Amino acid sequence: MELLTHAHRYADAIINQDPYLSQRFREFTWALTSISDQDLIADFQQKKDIHATRGTSFKSLTPSINDLLKQRMATVPGWACEVDIFNDTTGMVVNTEWRLDFACADGFAVEVAFNHGEAIAWNLLKPVLASELNHVQKALQTRLGIYVCATEAMKRAGNIDSASGSFEKVQRYLRPMMNQLTTPMMLIGIDAPRTFYIDKRTREVCYYDPSLGFFPNNT
């Protein structure tokens, strides 16, 4: 997959100057960029076939992206999936409400967000909670955040719900929330595949023909 990036609070400069953070960031971006169009097509079709046998619908690339990313990150030492932010011993905090998609100790807190745009602010705050001091005991301590989402082009090509947050929309949250988002963060946008798209009407894989324009059935 191809990526776009945007740095919040000079996260790119901090990463480039710290060998440990640079290595961890390369590991995570490798997991994303190593997912090919062929990987996405094969996984999407497999999931679609399973849903067809159950009589349920299946329409977008987001489950495939999530699963393929988890498979790759599970092979990288030092990274954990589905990580609790807090280790509360009082019983007042329910960990399922305070969980990161990925994290590495003394490194990054990662959110991969394809959900509704109304959740953008909350998803941005979770890496901050993992990286800043808190009144609740932490399960791990991170230093920087990574926020992954689809670009507008990927939303169209991947038949992702139009109400979901996008790379372009998330950027518009950063300046108004500057005082709240105190942790440096890298925003990563997953761009549209080069060779195919998911047809909005048929929900089938369609190969892209440049002579027809950009994803003609999904605009």
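These figures come from a predicted structure and were not determined experimentally.
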- Item | Minimum-distance pair of heavy atoms, taken over all atoms of Arg24 and Trp79 | O-CZ2, 3.4 Å
- Message: If I compare all heavy atoms of Ala157 with all of Ala192, which pair ends up nearest, and what's the gap?
- Response: CB-CB, 3.8 Å
- Calculate, to the nearest 0.5 Å, the distance between atoms SG and CG belonging to Cys81 and Leu69 respectively. 7.5 Å
- Message: Does anything in residues 112-125 form a salt bridge (charged side-chain N to carboxylate O under 4.0 Å, His left out)? List the pairs, not counting sequence neighbours.
- Response: none
- Quick one: side-chain contact (heavy atoms from CB on, under 4.5 Å) partners of Arg26, sequence neighbours excluded? Ser22, Gln23
- Which distance, rounded to the nearest 0.5 Å, do you find between the CE of Met73 and the CZ of Phe102? 6.0 Å
- Quick one: list whatever passes side-chain hydrogen bond (donor to acceptor under 3.5 Å, both in side chains) with Thr202, sequence neighbours left out. Asp199
- Item | Distance in Å, Asp101 CG paired with Asn66 CG, rounded so as to fall on 0.5 Å steps | 7.0 Å
- Task: For residues Ala103 and Thr142, report the shortest heavy-atom separation together with the two atoms involved.
- Result: CB-CG2, 4.5 Å
- Message: I need the Lys59 NZ to Ile160 CD1 distance, nearest 0.5 Å.
- Response: 9.5 Å
- Can you run down the side chain to side chain donor-acceptor pair (under 3.5 Å) pairs that involve residues 8-19, sequence neighbours left out, and say none if there aren't any? Asp18-Arg143
- Note on the structure: Here the pair of heavy atoms bringing Pro193 nearest to Leu61 is CG-CD1, 4.3 Å
- Task: Could you tell me whether a side-chain N or O of Glu152 sits under 3.5 Å from a main-chain N or O of Glu168, the two making a donor and an acceptor?
- Result: no
- Message: Using the side-chain contact (heavy atoms from CB on, under 4.5 Å) criterion, which residues pair with Ala119? Sequence neighbours excluded.
- Response: Asn115, Asn123
- Message: Suppose we screen for side-chain contact (heavy atoms from CB on, under 4.5 Å). Which residues come up paired with Lys169, at least two apart in sequence or across chains?
- Response: Ile120, Ser166, Arg172, Tyr173
Would you give me the side-chain donor-acceptor pairs under 3.5 Å for residues 176-191, sequence neighbours excluded?
| from | atom 1 | to | atom 2 | distance (Å) |
| --- | --- | --- | --- | --- |
| Thr182 | OG1 | Glu132 | OE2 | 3.0 |
| Thr183 | OG1 | Glu132 | OE2 | 3.2 |
| Asp191 | OD1 | Thr151 | OG1 | 3.0 |

- Item | Gln171: side-chain hydrogen bond (donor to acceptor under 3.5 Å, both in side chains) partners, not counting sequence neighbours | His6
- Query: Can you tell if the side chain of Phe167 reaches within under 4.5 Å of the side chain of Thr5, non-hydrogen atoms only?
  - Reply: no
- Over all atoms of both residues, closest heavy-atom pair of Ser162 and Lys155: O-NZ, 3.0 Å
- Query: Rounded to the nearest 0.5 Å, how far apart are CZ of Phe58 and CG of Asn159?
  - Reply: 10.5 Å
- Listed partners of Thr62 passing side-chain hydrogen bond (donor to acceptor under 3.5 Å, both in side chains), at least two apart: Ser60
Distance-only donor-acceptor hits, side chain of residues 31-45, under 3.5 Å, sequence neighbours excluded:
| from | atom 1 | to | atom 2 | distance (Å) |
| --- | --- | --- | --- | --- |
| Thr33 | OG1 | Thr29 | O | 3.0 |
| Thr33 | OG1 | Trp30 | O | 3.4 |
| Ser34 | OG | Trp30 | O | 3.0 |
| Ser34 | OG | Ala31 | O | 3.3 |
| Ser34 | OG | Arg72 | NE | 2.8 |
| Ser36 | OG | Gln38 | N | 3.4 |
| Ser36 | OG | Gln38 | OE1 | 3.4 |
| Ser36 | OG | Asp39 | N | 3.1 |
| Ser36 | OG | Asp39 | OD2 | 3.1 |
| Asp37 | OD2 | Arg194 | N | 3.3 |
| Asp37 | OD2 | Thr195 | N | 3.0 |
| Asp37 | OD2 | Thr195 | OG1 | 2.6 |
| Asp39 | OD2 | Ser36 | N | 3.0 |
| Asp39 | OD2 | Arg72 | NH2 | 3.0 |
| Asp43 | OD1 | Lys47 | NZ | 3.2 |
| Asp43 | OD2 | Lys47 | NZ | 2.6 |
| Asp43 | OD2 | Ser64 | OG | 2.8 |
| Gln45 | NE2 | Asp49 | OD1 | 3.1 |

- Query: When clusters are formed by joining ILVMFWY residues with side-chain heavy atoms under 4.5 Å apart, either directly or through shared neighbours, do Val76 and Leu3 land in the same one?
  - Reply: yes
- Got a sec, which residues hit side-chain contact (heavy atoms from CB on, under 4.5 Å) with Thr56, two or more places apart in sequence or on another chain? His51, Arg54
- Partner residues of Lys126 under the salt bridge (charged side-chain N to carboxylate O under 4.0 Å, His left out) criterion, sequence neighbours left out: Glu111
- Query: Does the side chain of His116 reach to within under 4.5 Å of the side chain of Ser164, using non-hydrogen atoms?
  - Reply: no
- Message: Tell me the closest heavy-atom pair linking Asp84 and Leu140, and the distance in Å.
- Response: O-CD2, 3.5 Å
